[in-house]
2 protein chains.
Amino acid sequence: MSRPTIAAVARAAGVSVASVSRVLNGLPATGEMTERVRRAVQELGYVPDARARSLKVGRTFQLTLAVADVGNPVYVTMMRAVEEVVSAAGYRLVVTTTGRDVVDEVALVRGMARGYADGLVISPLRVDDDLIKSIRECEVPVVVAGNVPARAGVDTVRANSPKGIRLAVDHLVARGRRRIAFLNGPADTVPGTARAKGFADALKAHDLHPAATAEAADFTFPAGRAAAPRLPAAGKLDAVICANDLLAVGVMHELAANGLRVPEDVAVVGMDDSELAEQSFPPLTSVNLGSAERGRRAAELLLARIEDSTRTPRRIVVQPSLSVRRSTP
Amino acid sequence: MSRPTIAAVARAAGVSVASVSRVLNGLPATGEMTERVRRAVQELGYVPDARARSLKVGRTFQLTLAVADVGNPVYVTMMRAVEEVVSAAGYRLVVTTTGRDVVDEVALVRGMARGYADGLVISPLRVDDDLIKSIRECEVPVVVAGNVPARAGVDTVRANSPKGIRLAVDHLVARGRRRIAFLNGPADTVPGTARAKGFADALKAHDLHPAATAEAADFTFPAGRAAAPRLPAAGKLDAVICANDLLAVGVMHELAANGLRVPEDVAVVGMDDSELAEQSFPPLTSVNLGSAERGRRAAELLLARIEDSTRTPRRIVVQPSLSVRRSTP
DNA sequence: TTGTAAGCGTTATCAT
DNA sequence: ATGATAACGCTTACAA
């Protein structure tokens, strides 16, 4: 009736539970013993209980990736990269959503503390002292895919979005655009602040003034559409850089609705270079912030720290590049 | 140094471990006792070990959702719906990817058997006897979001894609299109077979012959692009229905590359009515297969079965509708 | 109301 | 090489 335990297997095979455990874990045993155990396992359809095992050995062989919004295509890139690395190392990856609130993230990290997974990669949208504290106190290794202060004393891998925006601005200027606007996501988020400053600096480097800046309610497509009308009329602007691809696609929809052509009337640049960038129409020029590489390195950092919890935290910065497509001239 | 256990809390509070456990689980205790325990928990930063707890109580309070491809936007809709239902019921949701192979799915279900989660919602791309067997034998409740034979004896919730395709064909015919082609995904998948048949039947009902049918290598955007040239030239065809939104967007890109206008020259219809359908340009008319509702109902079935494992399996069919957008006339 | 102690299903230590 | 047994950290009878 109930699920077979290791004891049932031992009974069926006429050996001790210890022997069953050994065979299952590949420890030395005679061929005879191995054979009997295998047969019993087969017959009973025995599968070891992951909880009991991990309670004993202290590891779950599960790793968690926590992202803010599963609907954001940048996370699928990152997810795939993380998955690849951790599964090659023999771990299962589970993905959870943090939701948009910091308290959710804190709760997640706290809960992680005991027994859910051996490690956590978290990509937080907002960072506050509580979150940093919960990360510091977390019982399992945490690596942050994003930007947290060095005092957090945690492995991080982040993008260089100011430099990325600089690439976008350089590109637009080289193509003769001067009236460049910026559509940001919420400025109180980690990416939001970095990108706002990056835009300001990049324009300054070219002795240009922002044609406009606006802020969307969040990093989603509908927010992009909704925010687009807050940008100035087309005559005042010949290019707009958006804080991510979803916003950019939203803006392109609004432009089209107003009869404007991309890139002839207005050039549009996104950020993240997610799958959506090539799927959009016209295909979107986008700042590649290295999401795949960030995922990969974050996973590697996590595995390394699981191996050796004493190594000093590393802070990796992944360099951006620009994927030029048809939304810019 | 090491993480505090319930014994440490008990010691710090000067009470027994049983009392700590009781307070933590809200069982009757004096205010005095409650206070001392709370204080000790606070001071030590104690978090109960989920493994040990679940080993004892037999539940993990985790539920798993397994999807084939996290990059397919239809799954984010489903994921959100499932998440909402299960978290309201006090469960954590973890998402895992099965990969495109059946053996992966079988391995997942088997592994699920012991201790990873209290239940599983799986949306399999391919179904074979092994998978059905593993589902039948699974120690935890499984509900299938998709189509498996009734003999599997499992709760299912599936879409009615033939009827959905019928809606699409009706719509196209009503708008004067007669040369309708179908771009399927792999025909050896569950949705692939259903949709192929659905298309044939729908055309027959209108006394029409397929303008063409083709099959993409998988249900992705690049596969859609790659398969599009295998459809006949534009003169031979005035509409194409695609087995999902990603394929449809891929086709629209190819059409545009060949100077064809959507919907003037060729109308395009997708399936799933995912977020991508409204993000694409032109916005994609798409068959809404009720992914959100399927996710919700699947989650509800799972919760119900966890409550009562003896209830007879239900087979829910969610009805489709058509979301008309600008990719059709 | 509180404490003692027996498990939950494993693995690891120690004999044999 | 194999077997008995003590943990792992928790919950829950059962006793007090």
Side-chain angles (χ1 to χ4, degrees), chain A residues 1-38 40-41 44-62 90 111-118 139-140, chain B residues 1-41 44-62 111-118 139-140:
Chain A
M1 202 60 267
S2 189
R3 322 129 130 186
T5 72
I6 198 174
V9 175
R11 219 175 303 120
V15 300
S16 74
V17 293
S19 297
V20 176
S21 174
R22 279 192 214 98
V23 170
L24 261 33
N25 291 293
L27 296 175
T30 59
E32 153 79 7
M33 170 67 80
T34 307
E35 189 43 43
R36 294 172 67 167
V37 171
R38 289 231 182 287
V41 164
L44 299 180
Y46 167 76
V47 182
D49 185 305
R51 295 166 300 203
R53 173 162 212 283
S54 86
L55 180 59
K56 186 60 187 163
V57 303
R59 306 177 73 170
T60 63
F61 294 95
Q62 280 200 165
M112 207 79 262
R114 304 302 296 276
Y116 282 120
D118 299 337
E139 313 287 356
V140 302
Chain B
M1 203 60 266
S2 189
R3 321 129 130 184
T5 73
I6 197 173
V9 175
R11 218 174 306 119
V15 301
S16 75
V17 293
S19 297
V20 176
S21 174
R22 281 193 211 98
V23 170
L24 261 32
N25 291 296
L27 297 174
T30 59
E32 154 79 7
M33 169 69 77
T34 306
E35 189 44 42
R36 293 173 67 165
V37 171
R38 289 229 181 290
R39 203 194 317 278
V41 165
L44 298 179
Y46 168 74
V47 182
D49 184 305
R51 294 166 299 198
R53 175 165 210 283
S54 86
L55 181 58
K56 186 63 187 158
V57 303
R59 304 177 72 169
T60 64
F61 294 96
Q62 281 200 164
M112 206 80 262
R114 307 299 297 276
Y116 282 120
D118 298 338
E139 312 289 355
V140 302

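What you see is a predicted model; the values in this text were computed from it and never measured. Letters go in sequence order (proteins before strands), and every chain restarts at 1.
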Q: Summarise how protein sits on nucleotides 7-16 of chain D as a single string, 5' to 3': B when a protein heavy atom is under 4.0 Å from the base, S for sugar-phosphate-only contact, - for no contact.
A: BBBBBBB---

Q: Is there side-chain contact between P4(B) and E139(A), with heavy atoms separated by less than 4.5 Å?
A: yes

Q: Expressed in angstrom and rounded to an integer, what is the separation of R36(A) atom CZ from dG3(D) atom C1'?
A: 13 Å

Q: When the axes are fitted on five pairs at both termini, how much does the helix from dT1(C)-dA16(D) to dT16(C)-dA1(D) curve, in 10° steps?
A: 40°

Q: Let me confirm one number: the CZ-CG distance from R53(B) to N25(B), rounded to the nearest 0.5 Å.
A: 5.0 Å

Q: Please report the closest heavy-atom contact between A52(B) and L55(A), naming both atoms and the distance.
A: CB-CD1, 3.8 Å

Q: Under the side chain to side chain contact (heavy atoms under 4.5 Å, CB included) test against V23(B), which residue among V9(B), V41(B), T34(B) passes?
A: T34(B)

Q: Considering only residues two or more places apart or on different chains, which pairs with a residue in residues 8-32 of chain B satisfy salt bridge (Lys or Arg N to Asp or Glu O under 4.0 Å)?
A: E32(B)-R36(B)

Q: Mind checking side chain to side chain donor-acceptor pair (under 3.5 Å) for T5(A) and listing every partner two or more places apart, or none if nothing turns up?
A: none

Q: Tell me: CD of E139(B) to P of dG9(C), nearest whole Å?
A: 11 Å

Q: R59(A) CZ to dT11(C) C1': how many Å, rounded?
A: 14 Å

Q: Who are the side-chain contact (heavy atoms from CB on, under 4.5 Å) partners of R51(B), not counting sequence neighbours?
A: S54(A), T60(A), R3(B), D49(B)

Q: Restricting to salt bridge (charged side-chain N to carboxylate O under 4.0 Å, His left out), what partner residues turn up for R38(A), sequence neighbours left out?
A: none

